[in-house]
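Since the structure comes first, as structure tokens, the remarks are kept for the end.
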Amino acid sequence: MTTQQEIALTDILSRYQPGAGCLLQALRQIQARFHHIPFWAIDRLAQDWDLSYAAIRSVIGFYHFLSFEPRGRYTVYLSDSVTDRMLGSEALLERLCRRLGVAPDSTRADGLVSVHRTSCTGLCDQGPAGLINGLPLTQLTERRIDEVADLIGSDTPLFDWPVDFFAIVNPIGRHDLTLSHPITPGSAISQALQRGPQGMIDTLRAAGLRGRGGAGFATWQKWDACRQALGPRAITCNADEGEPGTFKDRMLLMQWAHEVIEGMTIAALTVGAEQGFLYLRGEYEFIEPHLQEVLHDRRERGWLGADVAGSGQRFDIELHLGAGAYVCGEETALIESVEGKRGIPRTRPPFPVDRGYLGLPTVNNNVETFVQVAQIALHGESWFTSRGTEKSRGTRILSVAGDVSRPGMYEIPWGTTVAEVLQDCGASDVQAVLVGGPSGKLIDQSQLQRQISFEDLPTGGAFTVFNASRDMVDIARQYTHFFAHESCGFCTPCRVGCGQLVETADRLVAGHASAQDITRLQDTGRLMQRTSHCGLGQTAAHPLLDVITHFPQQVAARLVDPQQAFDLSAAVVDMQALT
């Protein structure tokens, strides 16, 4: 370690309280400064922060954006999601690598640049997209790729690049309750304080608000359980929307950050929490400065801090960034990551409302949920229940991408049909729609009148459209590779099962699979659904199983012996009964 490196490392470590809780945040800064995690930085962390070498190295090895090996001074990640591939991202990646003289997923010999694939950048509505040193690159074309290569090749600092390279738009195709009613900062807190903790819980119960992260658990019930638990409490906001095809939280964090933080503050005042964490996915690093400005502004105005809005209660929020791990979207894995550890999902029970962050009772909700909490506090339950169905109250924001003419965010009342959304976004010749991302449900053309609701098709917000030109078997194969890549490897059913799914999917696409392979694939999927430790393993087989169910002809056409198609059809009937 040189003197200059030692000074830089000392400066980074001085920003954090020594200990495991700040380890991931410090490692992110070390990675950004030195383009990897040097052995001497690990040694310094172990000595100064009283951490074991094994603990530090295990964290580095877990997160995709951290590396033991040097990456480029310009580190480029191009999105490898299905929708980006549909737009030609693979050809653009090859072109960029060729222009820069670097192999994919490696660093050039002179250390100038490295180019990598990453699962999803949360920019599906403006792909092909990527990231360069944490900044977004959107709507990439061959010309733009050449311009990027030229700027990197000339070692031009990023602040001298044209600003339009990093421009992000948040197209909203349809507004309803939430997106038509921004609130004045502080106004919802005032109403919540007038209601009091029990009154706020009663309001949420009457509104019927269910979590917008996907599971759909009743918000009032979660908050009430946390409020009744003993001891100090905490609030976490899940802004780790890593599901391919989901990007609505990006818009809310960029344009509705006050509402998000207001909702978190109302949760704290309701359950009696003093500490909050907003966990931002690593791919959204470019939103961090804005969020820090909003947090600073709210502290200055007394809406965060030692005495929130004159309530006598302390509450503040820290911003924690992830480092590229899809599994951290699971609430207990997120809490593990906030604690500075590997994002391995915990065994439940106990649930976070009983033992969450550092063992404290913890409320965890996602970005959209907290926005709607703030709006319900201000406008009341009747305002919210004017939309939706009996079991699915209010509205839902969808991230619409794929084969549509108008990708973007669409706010719909729960109960809206898939066909209505397709009409809104300009989809035609629709073959399939993936509702809820690869862990959700793939439906075919015969099911377009189904409703988006907890009663029928629940969703965490992703809505991806595929027209008749798409190879659904290959689409399922790509999603299967995503799950295998993102598996934390903790449990055998997921670790081994994902490998088996990938192997079968690859052979099927290559035309080397038999009907017996499909049967074994279904057996593997059933086993993973029943025995995997967390939702990733439990849903990893969904894309393949749904394609077998809804597109058996496409599957049969890829078999070694097409005459076995009849046996495949029989297997599909069994799978339909299961699901």
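Hydrogens, waters and symmetry mates are skipped; everything else that's a heavy atom, side chains included, is used.
Using cut-offs of 30° and 60° for the angle between ring planes, the Tyr479 and Phe466 rings count as perpendicular. Aromatic ring orientation, Trp383 versus His379: tilted (interplanar angle from 30° to 60°).
Under the ring pair (Phe, Tyr, Trp, His ring centres under 6.0 Å) criterion, no residue pair touches residues 243-265, with sequence neighbours excluded.
With sequence neighbours excluded, no residue forms a ring-ring contact (aromatic ring centres under 6.0 Å, His included) with His481. By the salt bridge (charged side-chain N to carboxylate O under 4.0 Å, His left out) test, Arg495 is found to be paired with no residue, residues two or more places apart in sequence or in another chain being considered.
Residues Ser79 and Asp84 have side chains that bring a donor and an acceptor to within less than 3.5 angstrom of each other. There is no side-chain donor-acceptor pair under 3.5 Å between Glu262 and Thr265. Between the side chains of Asp444 and Ser446, at least one donor N or O sits under 3.5 Å from an acceptor N or O. Checking Tyr284 against Glu241 by side-chain atom types alone, a donor-acceptor pair falls below 3.5 Å.
Annotation: cation-pi geometry not satisfied between Arg393 and Phe384 (NZ/CZ under 6.0 angstrom from ring centroid, within 45° of ring axis). Taking the ring axis of Phe165 as reference, the NZ or CZ atom of Arg144 stays within 45° of it and closer than 6.0 Å to the ring centre.
Of the residues Tyr357, Phe370, Phe277, Trp223, the one that meets the side chain to side chain contact (heavy atoms under 4.5 Å, CB included) test with Ile235 is Phe370.
To the nearest 0.5 Å, the span separating SG on Cys498 from NE2 on His485 amounts to 12.0 Å. How far CG of Asn238 is from CG of Leu334: 5.0 Å, rounded to the nearest 0.5 Å.
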Q. Please walk me through it: do Tyr326 and Phe482 pass ring-ring contact (aromatic ring centres under 6.0 Å, His included)?
A. CA-CA 10 Å; Tyr326 164 76; Phe482 162 78; 4.8 Å; yes

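Closest heavy-atom contact between Leu442 and Asp546: N-OD2, 3.0 Å.
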